[in-house]
Structure formats: structure tokens, C-alpha cells
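Everything numeric in this text was worked out from a predicted model, so none of it was measured.
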Amino acid sequence: MRFLNKIIFINSATIKYVDVLADGNVHLIGTQGVGKSTLLRAILYFYNADSLKLGISREKKSFGEYYFPFQNSFLIYEVVRETGPFCILTFKAQGKVCFRFIDAPYDKKYFVDVNGRAFDKWEETRQILDGLKIDYTRKVDRYEEYRDIVYGNSETAKKEFGKYALLQSKQYKNIPRTIQNVFLNSKLEAEFIKQTIIMSLNEEDISIDLQSYTHHLKNFEEQLDDVHKYKLPSVQRQAENVVKYHVAIRSLERDKNNSCRQLVWAANQVQRSIPKLTDKKEKAESEKQILLRKISITESRFRSKTEKMKSEISVL
């Protein structure tokens, strides 16, 4: 299954940089002006690529002016597929919104330098992609061609851009229309949804690319044999033992981690007490030297007094 996974804004729609996950049920909440509609229109544009059908009123800035105010303004969509994610780079060139398909997951370093500045020229991104041997397509500057690529419509699109299609259907035109009506809260009848599904899944239009499913079919018999073996009572008992040992190991791991944390805490306490103990030792050494000097003086006086007393005794 292929689906939109992530949307990235770079210098787009008054947003310097944001990375939004869209891989499940997403709840948008916030006061007016925080960007909910901005995000929804960006998602809708991914599906229909028609800047005139995004619900933007005429008195406001157009999609291209608002989302791509600078030369280094980008909207990037990351799409998940069976063979790994790919990206769709959306940008403005010569006054038109254009697209490039990049055969790699999104990585910030492809578009933004270490100082957080977005690249001004495509050549900077291209050098990085070439250095990493990542494939990318030519510039697509027509939204009709973009739709053909995303929905696998034309033979040219299949041949050149086949690996970037979300699905394969000639009757795709009602799909972006349906999504558009949902996003813009337009009237949407059940009959229209049914017709969209039926027309999109028309048997005569189904074209299955077996190459996309080869990795699912590899070693199928071995996997099936493993399933049969797993159902054997002896294997079930082994599996239960494995689970028990796994739980025990996890418990020991937790105990080990707790002991490790306690040792680290004790070591830190010792490290913190070393300076105090060193000062205490130096003070004791100083006191010891003073006492040794007093003992030496006392012994010297004792010897002197002893000699004097012996002398007096001899006279007596």
C-alpha cells in the first residue's frame, strides 16, 4: 500500500521549517491563524495539484504566491511504498509550480545546509543526490502530467515514472475530486462515492505490476512450510518456552539496567565527594605537620631539661 507519510514546509507559507507526519489519523486543533487550513490545502494539493481548486478566495494570495514566496521555498511530500519511501519536491520556477520525484526518503540535509539555510539553487541539492547516487526525475511543470504520474494514467508516465504512482487507474479523475469535496466540506453524496470506487476499480482498467510484488512472493513455500511447522504441538511448546525465556531475559535486562543506573549514580556521588575528601586530606596533612613540629620542639626541650637535671644531680 502506498500513502502520504510526511509533509515538509521549507520557507513556505510564512513557515521557516516544519516537518508534519500524516501517516495515520491526525487531529488538527488550534486558534484561527495557526496554520490548520495551510496544512490542509498543502495535503489537498498533493492529490489534485490544481491551485485553482483549493478553496482559496480571489481576494487572497494565490497558492503559488503564498506557499512559494522565495526562490528557496519548498513543499516536500514523503510517500511510503512497498519498496521504500520516495519524495516529491514542489517548488516554483518561472512563475509556475513544478515537481521533481526523488527516489529516497526525506532527509533535511538534501535541502538545508548545516546553518539552517535552505539551498537557493537546485544544483546544490542535485550535487548531494548525485554524490549519494540517488535517482531523481526531470522537472514536471504541468499539473496534468503530475496527476498522470501519481495515478499511473498514461503509458508515458508508467514507463518513465512508474515507480512513483500511488495506484494504476485510468478512471482516476473522480478521486481527487472526491478528496477535494471532503477537504472543502462540499456536498458529497453517497452515490458519487460509490461511482468513484466502482470506476476506479473497473476490472478492464486493472493493471498489476508483478515487479512491485516480487519481494512478497520470494521464498513463499519456505514461509508456508514454516507456518505448518509452527502449528505442530512440539513447536508450540518450544515457542512457549521461547516466550518464557524472552520474558525472563527482558526482566533480567531491566534489573541489569536498574543496577547500572544505581552504579552510575554511586559513581557520580563518589566523583562529587572526591574534591571534599581531597580538601579534608590536605587539611589533615597540614595539622599532622603542625603536630610533628610541636613533638619535635617538645622532645628537644625534654632533652635539654634532662641534661640540665643530670648536671645538677652530678653537682649534688
Colleague: Applying ring pair (Phe, Tyr, Trp, His ring centres under 6.0 Å), run through Phe91 and Phe68 and close with a yes or a no.
Modeller: CA-CA 7 Å; Phe91 59 99; Phe68 305 100; 8.1 Å; no

Colleague: Could you grab the distance from atom CG of Asp255 to atom SG of Cys260, nearest 0.5 Å is fine?
Modeller: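 Reported to 0.5 Å precision, the distance equals 12.5 Å.
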
Colleague: Answer yes or no: is there a donor N or O on one side and an acceptor on the other, between the side chain of Thr125 and the main chain of Tyr110, under 3.5 Å?
Modeller: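 Checking the backbone N and O of Tyr110 against the side chain of Thr125, a donor-acceptor pair under 3.5 Å is found.
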
Colleague: According to the interplanar angle, ranging from 0 to 90°, do the rings of Tyr106 and Phe111 count as parallel (below 30°), tilted (30 to 60°) or perpendicular (above 60°)?
Modeller: parallel

Colleague: Quick test of your reading of the model: are Glu124 and Arg117 salt-bridged, counting only N-O distances below 4.0 Å?
Modeller: yes

Colleague: Has the side chain of Lys36 got a donor or acceptor atom that lies under 3.5 Å from a matching backbone atom of Gly30?
Modeller: yes

Colleague: Between Leu75 and Val150, is there a shared hydrophobic cluster once you connect ILVMFWY residues whose side-chain heavy atoms come closer than 4.5 Å?
Modeller: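 Result: yes, single cluster for both.
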
Colleague: Could you pull out all residues at least two apart from Glu123 that satisfy side-chain contact (heavy atoms from CB on, under 4.5 Å)?
Modeller: Lys121, Arg126

Colleague: Distance-only, no hydrogens or angles: does the Asn258 side chain make a donor-acceptor pair with backbone N or O of Arg254 under 3.5 Å?
Modeller: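 Yes: the side chain of Asn258 pairs with the backbone of Arg254.
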
Colleague: Quick one: pull up OG1 in Thr137 and CZ in Phe101 and give me the separation to the nearest 0.5 Å.
Modeller: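 Separation between the atoms: 6.0 Å.
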
Colleague: Could Lys108 and Tyr17 be counted as a cation-pi pair, given that NZ or CZ must be under 6.0 Å from the ring centre and within 45° of the axis?
Modeller: yes

Colleague: Could Lys229 and Asp225 be called an ion pair, given the rule that one side-chain N must be under 4.0 Å from one carboxylate O?
Modeller: yes

Colleague: In terms of side-chain geometry, is the basic nitrogen of Arg237 or Glu240 positioned less than 4.0 Å from the acidic oxygen of its partner?
Modeller: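 Salt bridge: no.
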
Colleague: Closer than 3.5 angstrom, by distance alone: can the side chain of Thr278 be matched with the main-chain N or O of Ile274 as a donor-acceptor pair?
Modeller: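 A pair under 3.5 Å: yes.
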
Colleague: Between Tyr164 and Phe86 (judged by ring centroids, cut-off 6.0 Å), do the two rings come close enough to count as a pair?
Modeller: yes

Colleague: Using a 3.5 Å distance criterion without hydrogens, assess whether the side chain of Ser304 forms a donor-acceptor pair with backbone atoms of Arg301.
Modeller: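 Checking the backbone N and O of Arg301 against the side chain of Ser304, no donor-acceptor pair under 3.5 Å is found.
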
Colleague: Less than 4.5 Å apart, any side-chain heavy atom of Tyr47 and any of Leu4?
Modeller: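 Contact flag for Tyr47/Leu4 side chains = yes.
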
Colleague: Can any side-chain N or O of Tyr45 pair as donor or acceptor with the backbone N or O of Phe63 at less than 3.5 Å?
Modeller: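 No; judged by distance alone, with no hydrogens or angles, the pair does not exist.
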
Colleague: Can we call the ring centroids of Trp122 and Tyr136 under 6.0 Å apart?
Modeller: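 Yes, close enough.
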
Colleague: Under 3.5 Å, is there a donor-acceptor pair between the side chain of Glu145 and the main chain of Val140?
Modeller: no

